[in-house]
Amino acid sequence: MKPASIRTFDWLFLGSLGVTLLGILLNFGTLSAQAETEFAAQGLPEMGTGMLIGALVLSLAISLGLWFLISVLRIGLARWALVLLTAWSILTTAKSLELGFDSTMAWGLLATVMTVAAIWFLFRPDARAWFAGTRGESGE
């Protein structure tokens with residue numbers, strides 16, 4: 001049985017993916033227009049929306065893959081991959097804040113905060129014991 005920290009990780013991490021998807025869906029028109037403009041400036045007209053959708057699918061696949069490796073397969077190394085990807089996300093979010101704050105950024109910040117909180121639960125004593133394959137003091 002999963003310890004409480006891993007169950008909390010599941011809820012927070014999967015919730016952060018839901019928040020990300022919701023933010024993208026609510027701002028899809030704006031994001032699509034920005035992507036179309038950027039790709040058109042590079043001589044690739046009408047590729048922006050497709051690339052946006054492709055990037056979203058790839059990002060979701062990577063995130064769900066990491067969640068599966070961590071929460072189902074109990075692979076401790078995947079925790080560190082998640083830490084690195086989240087650190088990268090924090091750095092790029094901080095850089096994006098210099099360009100301005102909008103609703104897309106607000107959704108992204110909320111998802112990032114939820115992910116950081118989820119990661120914190122991966123390093124609690126009961127989670128460390130679970131990854132090591134030993135039982136926690138609570139018997140879980």
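Leu69 and Ala78 get closest at one heavy-atom pair: CB-CB, 3.7 Å. Residues Trp67 and Phe9 approach most closely at CD1-CE2, 3.7 Å, considering heavy atoms. In plain terms, the two heavy atoms of Arg74 and Phe131 that are nearest each other are O-CD2, 3.5 Å. The nearest pair of heavy atoms linking Gly48 to Glu36 is N-OE2, 3.5 Å.
Between Asp10 and Lys2 there is a side-chain heavy-atom pair separated by less than 4.5 Å. Side-chain contact check for Leu14 versus Leu64: some heavy-atom pair is nearer than 4.5 Å. With contacts defined as side-chain heavy-atom distances shorter than 4.5 Å, the pair Phe68/Leu73 qualifies. At least one side-chain heavy atom of Leu21 sits under 4.5 Å from a side-chain heavy atom of Leu56.
Both Ile70 and Val83 are part of a single hydrophobic cluster, where members link through side-chain heavy atoms under 4.5 Å apart. Leu122 and Trp11 fall into different hydrophobic clusters, where Ile, Leu, Val, Met, Phe, Trp and Tyr are joined by side-chain heavy atoms under 4.5 Å apart, directly or via other members. Residues Phe28 and Leu25 fall into different hydrophobic clusters, defined by Ile, Leu, Val, Met, Phe, Trp and Tyr side chains chained together at heavy-atom separations under 4.5 Å. One hydrophobic cluster, built from ILVMFWY side chains closer than 4.5 Å, cannot hold both Leu26 and Leu60; they sit in different ones. Note on Phe39 and Val57: separate hydrophobic clusters, where clusters join Ile, Leu, Val, Met, Phe, Trp and Tyr whose side-chain heavy atoms are under 4.5 Å apart, directly or indirectly.
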Can I get a per-line list of side-chain donor-acceptor pairs under 3.5 Å for residues 107-120, giving both atom names and the distance, sequence neighbours left out?
unit_1	atom_1	unit_2	atom_2	d
Thr112	OG1	Gly108	O	2.9
Thr115	OG1	Ser16	OG	3.1
Thr115	OG1	Ala111	O	2.9

Taking distance alone, no hydrogens or angles, what donor-acceptor pairs closer than 3.5 Å link side-chain atoms of residues 86-94 to residues at least two apart or in another chain?
unit_1	atom_1	unit_2	atom_2	d
Thr86	OG1	Leu82	O	2.8
Thr92	OG1	Trp88	O	3.2
Thr92	OG1	Ser89	O	3.0
Thr93	OG1	Ser89	O	2.7

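Here Leu58 pairs with Ile62 under the side-chain contact (heavy atoms from CB on, under 4.5 Å) rule; sequence neighbours left out.
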Chi angles and distances behind the side chain to side chain contact (heavy atoms under 4.5 Å, CB included) call for Ile24, Thr104: CA-CA 7 Å; Ile24 288 172; Thr104 305; over 6 Å; no

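Dense packing is recorded around CE of Met105, with more than 12 heavy atoms of other residues, nucleotides or ligands lying under 6.0 Å away.
Atom CG of Leu66 and atom CH2 of Trp80 lie 14.0 Å apart (nearest 0.5 Å). Here the OG atom belonging to Ser5 is positioned 3.0 Å from the CG atom belonging to Asp126, to the nearest 0.5 angstrom.
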